[in-house]
Each structure stands twice: as C-alpha cells, then as structure tokens.
Amino acid sequence: MKVEELIVYGKEYTHSDYVKILLGELLNLNPLELLNHLNDYVEEEKVEIFKKEMQAMKDGKPLQYVIGNVNFFGNKFYINENVLIPRFETEELVENTIKYINEYFTEPVDIIDLGCGSGVIGLTLEKKVSTNSVDLIDISEKALEVTNINCGNLNSNANLIKSDFFENVNKKYDVIISNPPYIKTNEVIEDIVKENEPHLALYAGIDGLDCYKKILKEVKNYMKDKCIIAFEIGYTQADDIKKLVEENLDNVRVEIKKDLSKKDRMVFIFKNIE
C-alpha cells in the first residue's frame with residue numbers, strides 16, 4: 001500500500017492527526033514530510049504494524065503507548081503500560097527544580113527521584129544540572145525495566161533501586177523530588193487513563209495523600225543540611241500537604257507554585273535555603 005492509502009485507511013480508526021503521527025513514526029518521517037511521500041510504497045511488514053496500531057487506537061489505547069515513546073523536555077523517552085504517560089505539568093515541576101538547583105547550589109548535587117516511573121524526572125535533571133549522583137527509585141520492577149531502557153538510551157549514570165520510597169535507601173540528598181500517586185481512591189478520572197495507566201502509579205488512598213504522608217514521615221533522615229524537596233501535587237492538595245510538612249519538618253520554608261493553568265501543582269520545601 002502507498003502512504004496516501006494508509007492515511008485514508010487510518011482515518012477510519014482514529015483522528016487524521018494521530019494517523020499521520022503514527023505513520024510518520026513508523027516511516028521515520030515527521031507528519032509534514034509525509035506529504036512529500038504520498039505515492040511511496042510501504043513495505044508489507046510495516047503495513048501490518050500500522051494496521052495493528054490503528055486497531056489499538058480504535059480500542060482506546062492512548063497514542064503515547066501505541067507509539068511507545070514521549071518527548072519530555074526535549075528528549076525521547078521509551079514508555080509502555082507499566083508506567084504513567086508523562087504530563088506537561090511534570091515538565092513544569094522539572095523546570096522549576098532546575099531553576100532552584102542552579103540558584104542555590106554551586107557544587108554538584110545528589111538527587112533522588114522517588115517513584116520514578118519511566119525516569120523522566122531524574123534523567124532530565126541529570127542532563128540539565130551538575131550532579132554527583134542520581135538515584136531512581138520505584139517499587140515496581142516493571143517500571144524500573146522501562147527506566148533502565150531510558151538510562152541506556154540517554155547514556156545515563158543513574159542508579160536504579162527497587163524500593164518502597166526510602167525503604168532500601170541509605171544516604172542523604174541535596175534534592176529529593178517526587179511525582180507520586182495522588183488521586184483519591186474514589187475520584188472520577190478519564191476512562192482512557194483509568195483503563196490504560198497503572199493504578200499503582202495513580203491512586204493514593206481515600207484522600208490521595210498516602211504517598212506524601214509516607215515520604216514526609218521519613219524524609220528528614222535523608223535530607224542533607226541544605227536541601228530542596230520538590231513535589232507534584234493534585235491541585236486541591238496544597239493546604240493538606242503544607243500541614244503534613246508542618247507536622248513532620250521543623251525550620252523549613254514551603255512554597256506552593258501554580259502550573260500554567262493557574263492551579264496549585266507544585267510544592268517546594270527548602271531547608272537552610274533562604
């Protein structure tokens with residue numbers, strides 16, 4: 001089949017923009033370049049892959065899982081159904097964390113990414129700031145397999161540790177960052193998310209705060225004298241998390257930052273940083 005015929009075929013299954021993205025990915029062309037190749041024949045093996053991808057889209061599988069990668073902060077990361085699809089809000093968390101590291105630290109930093117999933121947070125920080133070490137932590141063996149692939153693709157020196165947050169960790173850090181599960185058990189979310197993304201990485205108890213409670217209860221034992229903690233949060237959780245910080249940490253400064261949608265989305269906790 002020709003490229004043009006495959007585009008027509010795909011439109012029967014999903015939106016034409018998704019068709020062009022998937023076909024472009026398969027043929028190593030961007031969607032605009034496809035227009036210059038409409039009469040090119042596509043080898044049968046790739047045609048069959050494309051047809052399977054179209055069926056997956058029709059069945060409700062997210063585009064990112066069908067493609068098998070996402071762009072995050074300018075780098076391509078492999079993902080599958082064992083990890084969350086990274087969101088733009090998480091790029092904002094990383095962007096702000098980079099800014100604070102560069103502002104407050106002059107020496108290479110030790111970073112831990114708790115609940116790393118595909119590794120996008122920790123691996124991006126490793127590329128963007130001067131690091132002494134980067135530890136990527138997840139309780140899911142399958143998630144760490146995804147992270148390991150991304151470490152290889154990005155020539156990373158990060159350490160992968162299977163652990164329930166700090167359980168198997170035994171050092172202190174300059175930067176502790178996490179985008180943990182924060183959805184309430186009974187919270188209504190989009191079907192495409194609920195039916196495809198790993199629930200272990202989504203839900204966090206009746207109030208959505210279980211992971212923050214667990215991290216903040218233990219975190220003081222893993223903070224260097226000068227330290228930044230960075231969390232992504234649900235947009236209704238800022239006040240509750242501030243209370244948890246007050247209950248568990250002394251002499252720290254807490255800053256809540258909004259995302260581009262003007263919703264509370266990030267919490268930064270500063271120890272001995274003014």
Side-chain angles (χ1 to χ4, degrees), residues 1-95 116-128 136 138 140 142-156 158 179 190-198 201-202 260:
M1 294 177 73
K2 293 182 179 180
V3 168
E4 186 173 22
E5 292 173 322
L6 287 174
I7 292 172
V8 173
Y9 175 91
K11 287 179 183 178
E12 297 295 319
Y13 289 82
T14 188
H15 192 280
S16 62
D17 288 346
Y18 295 162
V19 173
K20 292 171 186 173
I21 290 170
L22 285 162
L23 190 54
E25 186 79 15
L26 193 62
L27 301 177
N28 202 25
L29 299 168
N30 70 49
L32 287 176
E33 289 174 332
L34 282 176
L35 299 177
N36 296 321
H37 295 268
L38 293 176
N39 290 316
D40 290 4
Y41 281 94
V42 179
E43 57 190 87
E44 190 60 33
E45 184 180 346
K46 289 185 177 179
V47 170
E48 290 307 310
I49 291 171
F50 180 75
K51 287 181 177 181
K52 288 179 181 176
E53 290 178 340
M54 289 302 98
Q55 186 61 51
M57 291 294 295
K58 186 176 182 180
D59 292 342
K61 191 173 182 178
L63 174 69
Q64 296 90 335
Y65 286 151
V66 177
I67 293 176
N69 66 69
V70 295
N71 187 288
F72 187 91
F73 229 90
N75 287 298
K76 185 180 283 190
F77 286 86
Y78 167 70
I79 64 166
N80 63 24
E81 292 90 340
N82 295 309
V83 297
L84 287 187
I85 299 169
R87 268 64 171 183
F88 183 70
E89 291 86 356
T90 307
E91 287 191 303
E92 295 182 63
L93 174 73
V94 170
E95 183 177 16
C116 64
S118 58
V120 293
I121 294 175
L123 292 175
T124 301
L125 290 176
E126 184 186 30
K127 280 191 158 295
K128 297 295 183 179
L136 306 176
D138 209 288
S140 166
K142 290 184 177 180
L144 288 173
E145 289 173 3
V146 174
T147 310
N148 192 47
I149 291 171
N150 286 320
C151 285
N153 291 342
L154 296 172
N155 298 313
S156 168
N179 174 23
E190 293 179 284
D191 286 344
I192 195 169
V193 175
K194 185 177 181 179
E195 293 170 7
N196 290 281
E197 301 195 47
L202 289 171
L260 292 179

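One-based numbering along the sequence shown.
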*If every non-hydrogen atom of Gly24 is compared with every non-hydrogen atom of Leu34, which pair is closest and at what distance?*
N-CD1, 4.0 Å
*Decide side chain to side chain contact (heavy atoms under 4.5 Å, CB included) for Ser118 and Ile149; before the verdict, give the C-alpha distance in whole Å, the side-chain angles of both, and the deciding distance to 0.1 Å.*
CA-CA 9 Å; Ser118 58; Ile149 291 171; over 6 Å; no
*Please round to the nearest 0.5 Å and tell me the distance separating atom CD1 of Ile21 and atom OG of Ser16.*
9.5 Å
_Nearest-0.5 Å distance, CD1 of residue Ile49 to CD of residue Glu43_ = 8.0 Å
*State which residues pass ring pair (Phe, Tyr, Trp, His ring centres under 6.0 Å) with Phe50; sequence neighbours excluded, sorted by chain then number.*
none
*Which residue pairs pass the side chain to side chain donor-acceptor pair (under 3.5 Å) test with at least one member in residues 33-42, sequence neighbours excluded?*
His37-Asp40
*asked:* With rounding to the nearest 0.5 angstrom, report the CG to CD1 distance, Asn179 to Ile121.
replied: 5.0 Å
_Leu136 versus Gly122, closest heavy-atom pair with distance_ = CD2-CA, 3.7 Å
*Do Leu38 and Ile7 pass the side chain to side chain contact (heavy atoms under 4.5 Å, CB included) test, and can you show the C-alpha distance, the side-chain angles, and the key distance before you say yes or no?*
CA-CA 9 Å; Leu38 293 176; Ile7 292 172; 3.8 Å; yes
*asked:* Just to verify, what does Glu126 make a side chain to side chain contact (heavy atoms under 4.5 Å, CB included) with, not counting sequence neighbours?
replied: Leu123, Thr131, Val134, Ser156, Asn157, Ala158
_Run the side-chain hydrogen bond (donor to acceptor under 3.5 Å, both in side chains) test against Tyr78 and tell me which residues pass, sequence neighbours left out._
Asn80
*Please identify each residue that fulfils side chain to side chain contact (heavy atoms under 4.5 Å, CB included) with Gln64, with sequence neighbours left out.*
Pro62, Val70, Ile79, Ile85
*Is a donor on one side and an acceptor on the other found under 3.5 Å between the side chain of Thr147 and the backbone of Gly117?*
yes
*May I have the step-by-step check of side chain to side chain contact (heavy atoms under 4.5 Å, CB included) for Val42 and Met1, ending in yes or no?*
CA-CA 6 Å; Val42 179; Met1 294 177 73; 5.8 Å; no
_Tell me the closest heavy-atom pair linking Phe72 and Glu91, and the distance in Å._
CE1-CG, 3.3 Å
*Do the side chain of Asn150 and the main chain of Gly119 share a donor and acceptor less than 3.5 angstrom apart?*
no
*asked:* Test of understanding: with salt bridge (Lys or Arg N to Asp or Glu O under 4.0 Å), list the residues that count as partners of Lys58, not counting sequence neighbours.
replied: none
*Please report the shortest heavy-atom distance between Gly74 and Asn71, naming the atom on each side.*
N-OD1, 3.3 Å
*Determine, stepwise, if the pair Met57 / Val19 fulfils side chain to side chain contact (heavy atoms under 4.5 Å, CB included).*
CA-CA 9 Å; Met57 291 294 295; Val19 173; over 6 Å; no
*asked:* Please list all pairs meeting salt bridge (Lys or Arg N to Asp or Glu O under 4.0 Å) that have one or both residues in residues 7-24, counting only residues at least two apart or in different chains.
replied: none
*Separation between CZ of Phe73 and NZ of Lys127, rounded to the nearest 0.5 Å*: 12.5 Å
*With sequence neighbours left out, which residue pairs that include part of residues 45-57 fulfil the side chain to side chain donor-acceptor pair (under 3.5 Å) condition?*
Gln55-Asp59
*OG1/Thr14 to CG/Leu63 distance, rounded to the nearest 0.5 angstrom?*
7.5 Å
*Please list, chain by chain and in numerical order, all residues satisfying salt bridge (Lys or Arg N to Asp or Glu O under 4.0 Å) with Glu25, sequence neighbours excluded.*
Lys76
